[in-house]
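Below, read A as the first sequence line, B as the second, and so on, with proteins coming before strands; counting in each chain starts at 1.
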Number of protein chains: 2
Amino acid sequence: MTSSRRLLLEMLFDLSGHASAEDLATAVQSKAPDVNISTIYRNLEELERLGVVVHAHLGHGPATYHLACESHCHLVCEECGTIVDVPENLFQSLNRSATKRFGFVIDPQHFAVLGRCEACQKPE
Amino acid sequence: MTSSRRLLLEMLFDLSGHASAEDLATAVQSKAPDVNISTIYRNLEELERLGVVVHAHLGHGPATYHLACESHCHLVCEECGTIVDVPENLFQSLNRSATKRFGFVIDPQHFAVLGRCEACQKPE
DNA sequence: GTGCTTGCAAACGTTTTGCAGACTC
DNA sequence: GAGTCTGCAAAACGTTTGCAAGCAC
């Protein structure tokens, strides 16, 4: 357990939710300017292996990382990029039918659901 | 309408489903070696603008492109990478609850659902 | 001939890697 | 002192861009 790892964890608490590796690097660097982004990636990987941190793929942009204990899923607007955090139970019935029809167990924290947020509903 | 565009469309028919830009470039280049990958990207973008083609983000890897008329959604195994094509109606109830609870209309063709396929069910 | 399309090369943003030195225990 | 962790530089990957030459119409 090194100082950069400790700092990274602190920042994960602070910036809770939606932090990209870049965000985390900036945050960590505000307290320890010499911490390199590759260290951030390596530590995130390690923390993920330990089950402390999870990441999600949000469509185009970079992956976001958050603490595993702050478990939630993501809706991302493909128009304005807004991220809506939603509880895992929103996916219950999708999971049930995916399992029943395809034997596939979904991991809803690991991907983002793309679509349109309330404000961007197709205005054509 | 140029020859490289025509070829790209042909390849989209041939490789129907799950073709990355790279795959398509390789396929096109087998018939016309000088077509550059940037041309592939530009034509895919244009075809998408015209509504002929759609793309989906599959987690880590590159985006995949397919004809809009072959509409389907994707389950991707985070273990072995297998892609399972599924009909859009699998997402009906997720869409209903996302709309009702968050005013969010989902676009299920645009993202992949990550999880575990039948063969990779957590063996721990 | 006008204007869109192309190839090439170079850049981009995100993530990963190799290596030698520095740190933790 | 052994072994892990770090900074740095460079590469990898998928994708986008600027530009001048080439093509469709």
**Q** Locate the shortest heavy-atom distance separating P87(B) from F102(A); write the atom from each residue and the value.
**A** CD-CZ, 3.9 Å
**Q** Kindly give the heavy-atom pair with the smallest separation between I37(B) and E22(B), and that separation in Å.
**A** CD1-CA, 4.0 Å
**Q** Go through R49(B) and E46(B) one step at a time and tell me if the salt bridge (Lys or Arg N to Asp or Glu O under 4.0 Å) criterion holds.
**A** CA-CA 5 Å; R49(B) 212 182 50 71; E46(B) 180 66 7; 3.0 Å; yes
**Q** Measure CG/L50(A) against C1'/dC5(D) and give the value in whole Å, please.
**A** 14 Å
**Q** Whole-Å distance between dT14(C) C1' and H57(A) NE2?
**A** 12 Å
**Q** Please give me every residue in residues 42-49 of chain B whose heavy atoms get under 4.0 Å of an atom in DNA chain C, ordered by residue number.
**A** R42(B), N43(B)
**Q** M1(A) CE to dT6(D) P: how many Å, rounded?
**A** 10 Å
**Q** Restricting to non-hydrogen atoms, name the atom on I40(A) and the atom on L8(A) that form the minimum distance, rounded to 0.1 Å.
**A** O-CD2, 4.1 Å
**Q** Using a cut-off of less than 4.0 Å, is there contact between a side-chain N or O of R5(B) and OP1 or OP2 of dC4(C)?
**A** no
**Q** Where along residues 20-40 of chain A does a heavy atom come under 4.0 Å from DNA chain C, residue by residue in number order?
**A** E22(A), S38(A)
**Q** Kindly check if the number of other-residue, nucleotide or ligand heavy atoms within 6.0 Å of CD (E45(A)) is above 12?
**A** no
**Q** Parallel, tilted or perpendicular for H60(B) and H57(A), by the 30°/60° rule?
**A** perpendicular
**Q** Expressed as a whole number of angstroms, how long is the span from R6(A):CZ to dT6(D):P?
**A** 11 Å
**Q** At less than 4.0 Å, is any side-chain N or O atom of Y41(B) found next to OP1 or OP2 of dT16(D)? Yes or no.
**A** no
**Q** Would you kindly say whether S20(B) and D23(B) are connected by a side-chain donor-acceptor distance under 3.5 Å?
**A** yes
**Q** Are the side chain of T99(B) and the backbone of F104(B) linked by a donor-acceptor contact shorter than 3.5 Å?
**A** yes
**Q** Nearest to the side chain of T2(A) - dT16(C), dC5(D), dT6(C)?
**A** dC5(D)
